[in-house]
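When reading the values below, keep in mind they use all heavy atoms of this one structure, side chains included, and skip hydrogens, waters and symmetry mates. Proteins get letters first, then strands, A, B, ... in listed order; numbering begins at 1 in each.
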Amino acid sequence: MPEKVRTVFANSDDDKAAEPKISLQTTEETRGKKKKNKKRKREEPEASQNDDHDETSDTPAPKKQVETPVAVPKNQANAAPQSTEAPAAKPYPKSKSKPFTDTKLNWMPLREKAKALLEVRRKLPVFENADRIRSLLREQDVMLLVGETGSGKSTQIPQFLVDEFWCRPVPAQITRNGKTEKKMVGGCIAITQPRRVAAITLARRVAEEMGTPLGSHSPASKVGYSVRFDTSTSPSTRVKFLTEGMLLQEMLHDPYLTKYSAVVVDEVHERGINVDLTLGFLRNLVSGNKEGRGGVPLKVVVMSATADMESLTGFFQEGYRIAGPEKKAIENGAEAGPEDSPSSRDISVCHIKGRQFPVKTIYSPAPVHDFVDAALKVIFQIHQKEPMPGDILVFLTGQETVEALEHLVNEYAMAMDPALPKILVLPLFAALPQAAQQRVFAPAPPRTRKVVLSTNIAETSVTVSGVRHVIDCGKAKIKQFRTRLGLDSLLVKPISKSAAIQRKGRAGREAPGQCFRLYTEKDYLALDETNTPEILRCDLSQALLNMKARGVDDIVRFPFLTRPPREALEKALLQLLNINALQEDGTISAVGLHIAKLPLTPTLGRVLLAAAENGHECLLDVIDIISCLSVENIFLNTTSEEKKEAAEAARRDLYRREGDHLTMLMTVRAYASEHADRKAWAERHLVSHRAMQSVMDVRKQLRTQCRQAKLLTNEALNRTSLHDPSPILILQSFLAGFATNTARLVPDGSYRTIVGNQTVAIHPSSVLYGKKLEAIMYNEFVFTNRSYARGVSAVQMDWVGEALAGKD
DNA sequence: GAGCACTGC
C-alpha cells in the first residue's frame, strides 16, 4: 500500500493545537504538482540521478555532472566509478604554510561550480519545501521526514538548515557533576548514514554544491565526513556526514553532543541496531533537561524512505510525555529562546515525493516452487519481447542460486535464435572480487543485454545502471541470532513489502520499467510491512555495553524504538557478566569501560585485555588474529579445481595444526612482511587482498589504541625481529572471552558444545576440518544447512575448565 | 564440503 500513496509536503498551516501536533500529509495540492513533476521527468531524467545518495553510493559525485549540469547519461557516470575525486575535492594540500589568500583564489572555480549546481538543485522535489522545513524547525525540535528515492533530501536538508539562526554556536554555561563550565554549544549539523560510501559520497557532493573544499583539505571547508579509518573534517566544518557507529562513538565522549545544533538521522527505515540506539539517545536528549547543553536545544530530523512514521511519532511523543507537561526550569539561567515555547514539543511529519519513473508490477499467477527456474523463463521472455536497451536485474538469495542461474542462462543463451541480441550474464554478490563486481557498472556492449544476477547487495548498497526490468524472487538470506541456542542462523526468508518496493524501484531509475515478482499478489499482501529491525535479530551484548558505558544502568527503561525480548537482554547481560565487563550489581566495571571503547565485540575486546596480561608479544599476536576475526573472510573461495590445488599448495606454509587462529597469525605476518607486492602475494595464496587491507587498518587502529592505553610500549611496537608465537598463551587469552564457545569430542566422533551439549561440526573452511581433537574453541557458531563452528582452534579441556571457573 | 548485507575514537 505505501507505494500507491501519493502525498505532498505537509500542510502546516493548520491551527496549532495545544496537544503535540502532527501535521499529516494533505493530498489536495497534489494534482497540479504531479503533472509538473511528470513533465520534469521527461525533460531531464538525468538530473534526478545524482541528487539522492543511494543513487550515487557507488558512483561518487560524477565530475561530469559538475561541468555540464544538464545532461549526463547515468551510464557514463557509472562506467568510471573509480574516478572518485571530484575536482572540487582536490586542490587543497594539507600544508599549513599555505597562505589563506591562496585558498581564497582557489575558491573561485568552486563557487562557479556551486552556482551551476544550484540550477540542478532547484529542480529537486525537496527544494520547494525549503522554507517550510526551515520555519517548522524554528518552532519545533523534532521533525520526521518521509522522502522517497530521488527527492534529494540527504543532500539538501543540511544546506537548508546550516544558515539558520539556531544553527550558530552560542556561549553557554554547562553544569555537569556539580561543576559549571563555559563553553560554545552547537554550530554544526550531523547527518548520519548507515554506510561509509554513502557518507563520503554525500559529503563530496554537498561540498561541491556549497562551493567549499571538502573536509581537511582547507581551513575554509564547511563540509566534512567521518567514517572509521577515514575522517576528513576541519575546525570550520559545519555540515558533517558520519556513519551511525561513528556518532555513537562520539556520544561516548560527548553525551550531549555539544558540537551540534542538529542531528539528521537518515535512512532510518533500514533499522540497523546503531540507528535504534542513536534514536534512543537522541530522544533522551530532546525530551530530557538540557543542562548538559547549557539549555541549548538540539534539533533532530529523522528521515526515512518508507511512510511508516507512526511508530516514530509515537516514540518521540512518549519521550515528551514521560518528561512531564512542564518543562524543567533551566537552573543555570541560560536564556529561554523561542524554542522553549510549547510548540517545541510538536512533531511534524513531512512527505516529499520522490522522482521515479513508473514501474509496472507483474505477479506470478500461481505460487512458484523453484524461483531459479522461474527466473530463467522470465529472463528469456523479457529478452524476446522487450526492445533494447533495457538490462535485467534479478534478485536472488545467495551466491549459490546466483551461480546456478548463471550457468542455466549461459546454457540457454547458446541455443538462442542468433537473430536476437546477445546476453551478457553478470553475477553480483559481496564475496565476489572487486574487479568482477566492477563489471556490472560498465554499460552493455552494442546489441547486448546485461542480465545482472544479484543478492540483495543491489537492493541498497550498489546501483546498477541501465536496468529497466527487475525480477524479484521475493526472498533473501537473513541472519538471525537465536538467543536460546546462542547461535546465528542464516536462513532464506520472505522479504518485507518495503524491501519488495525497494527492489521494484530499481527498474525505474532511468526510464519506465517493469518488475516481475516471482510470487503471487496474495503472497505480496501477506508480507511484513517492513524489515525486521536488526535489534530483534542480533546479539545485544555490544549494544548493552555501549549503553552501560553511557550510564544507562536501567536497560529496561531505555527508550527502545522496538523493545527486544527480555530473554535476549538477559542473555546479553549474562554474557557481559561472564567476561567481567559488568559487576555483580549490573554496573559497568573498569574492564567493561575499557572494552566499550574498543572497536570490537565485547568478547574480542575481553580477549585483547587478557592477552595484554600475557605480555607484549602475546598481545601483538592476538591483535593480528583479532584483526582477521573482525573483518570478512580473508581466505578466498576456490573457484576452479586447478586453481584450488595451486592455492592449497601455496597456503600450506601458512597452515598451523593448532587451528585457524594461529593460521591467521601466520597469514598476517607473511602479508605484513611482504614489501614487494602484497597484491601479488595475496593472489598467489588465494587470500583476499581487500580483506587483508582492512585487517591492516584494524591492526593499526588496535595497536594505536593499545599504545595510548599503555598496554603496549613504543619499543614493543617498533621491534622488527619476529618472535616465536606461543600458541598456549594465545589460545588461553582467547578462552578468556570464548570459554563458552567450546565443544568436546564425544565417543561417536562428533563434537558437543560444553555449554548446552549441542552437536556442532567443524566448518569445511577450517584448517581443522575433519580432524578429531580433544576439545575445540570457535569464534562463531552458525546454522546454515546444519550447525557449524567457524574459526576453530584446538584447546585442552583443562584450559576450558579453568577459563569457565574464571581463573584466567 | 561451504560463504545475505552493513558497521566501529
With the side chain defined as heavy atoms from C-beta on, A:Met246 is closest, among B:dC9, B:dC4, B:dT7, to B:dC9

Of the listed B:dT7, B:dC9, B:dA5, the closest approach to the A:Gln701 side chain comes from B:dC9

### Query
When you check the phosphate oxygens OP1 and OP2 of B:dG3, does a side-chain N or O of A:His763 lie under 4.0 Å from one of them?
yes

From CZ of A:Phe481 across to C1' of B:dC4 the rounded distance in Å is 18 Å

Per nearest nucleotide of DNA chain B, the residue lying toward the 5' end, A:Thr397 or A:His253, is A:Thr397

Out of B:dG3, B:dC4, B:dG1, minimum distance to the side chain of A:Tyr769 belongs to B:dG1

Ignoring backbone atoms, establish whether A:Arg228 has a side-chain N or O less than 4.0 Å from OP1 or OP2 of B:dC9. yes

Correct closest heavy-atom pair for A:Met664 and A:Cys628 would be SD-CB, 3.6 Å

Taken to the nearest whole Å, CD/A:Gln193 to C1'/B:dC6 is 13 Å

In terms of ring plane angle, is the pair A:Phe281 and A:Phe558 parallel, tilted or perpendicular, where the classes change at 30° and 60°? perpendicular

What's A:Leu491 touching, base or sugar-phosphate or nothing? Going by heavy atoms closer than 4.0 Å.
nothing

- Under 4.0 angstrom, heavy atoms only, what part of the nucleic acid is A:Gln705 near: base, sugar-phosphate, or nothing? base

Side-chain atoms of A:Gln249 come closest, of B:dC9, B:dG3, B:dT7, to B:dC9

From CG of A:Leu768 across to P of B:dG1 the rounded distance in Å is 17 Å

Testing B:dA2, B:dA5, B:dC4 for proximity to the side chain of A:Ser765, the answer is B:dA2

Between CD of A:Glu632 and P of B:dG3 the distance, given in whole Å, is 16 Å

With heavy atoms under 4.0 Å as the rule, sort A:Thr784 into base, sugar-phosphate or nothing.
-> sugar-phosphate

Contact class for A:Ala430 (heavy atom, under 4.0 Å): base, sugar-phosphate, or nothing? sugar-phosphate

- Query: At under 4.0 Å between heavy atoms, what does A:Ile478 touch on the DNA or RNA strands: base, sugar-phosphate, or nothing?
  - Reply: nothing

Worksheet item: With a non-hydrogen cut-off below 4.0 angstrom, is A:Val227 in contact with a base, only sugar-phosphate, or nothing?
Response: sugar-phosphate

Considering only heavy side-chain atoms of A:Ser461, the closest of B:dC6, B:dG1, B:dT7 is B:dC6

> When the ring centroid of A:Tyr751 is compared with that of A:Tyr788, is the distance short of 6.0 Å?
Replying inline: no

Quick check: are there more than 12 heavy atoms from other residues, nucleotides or ligands sitting under 6.0 Å from CZ of A:Arg752? yes

In whole angstroms, the gap separating P of B:dC9 from NZ of A:Lys700 amounts to 13 Å

Winner on side-chain proximity to A:Glu534, out of B:dA5, B:dC9, B:dC4, is B:dA5

Separation of B:dG3 atom P from A:Arg690 atom CZ, nearest Å, is 18 Å

On DNA chain B, more 5' by nearest nucleotide between A:Asn456 and A:Leu252 is A:Asn456

Atom CG of A:Leu545 and atom P of B:dT7 are separated, to the nearest Å, by 22 Å

(message) Taking atom CD as the centre, does A:Glu632 end up with more than 12 heavy-atom neighbours from other residues, nucleotides or ligands that are less than 6.0 angstrom away?
(response) yes

Output for pair (A:Glu534 CD, A:Leu277 CG), nearest 0.5 Å, gives 9.5 Å

Regarding the side chain of A:Tyr788, the nearest nucleotide among B:dA5, B:dC9, B:dG1 is B:dG1

Whole-Å distance, A:Asn546 CG to B:dC9 C1', equals 12 Å

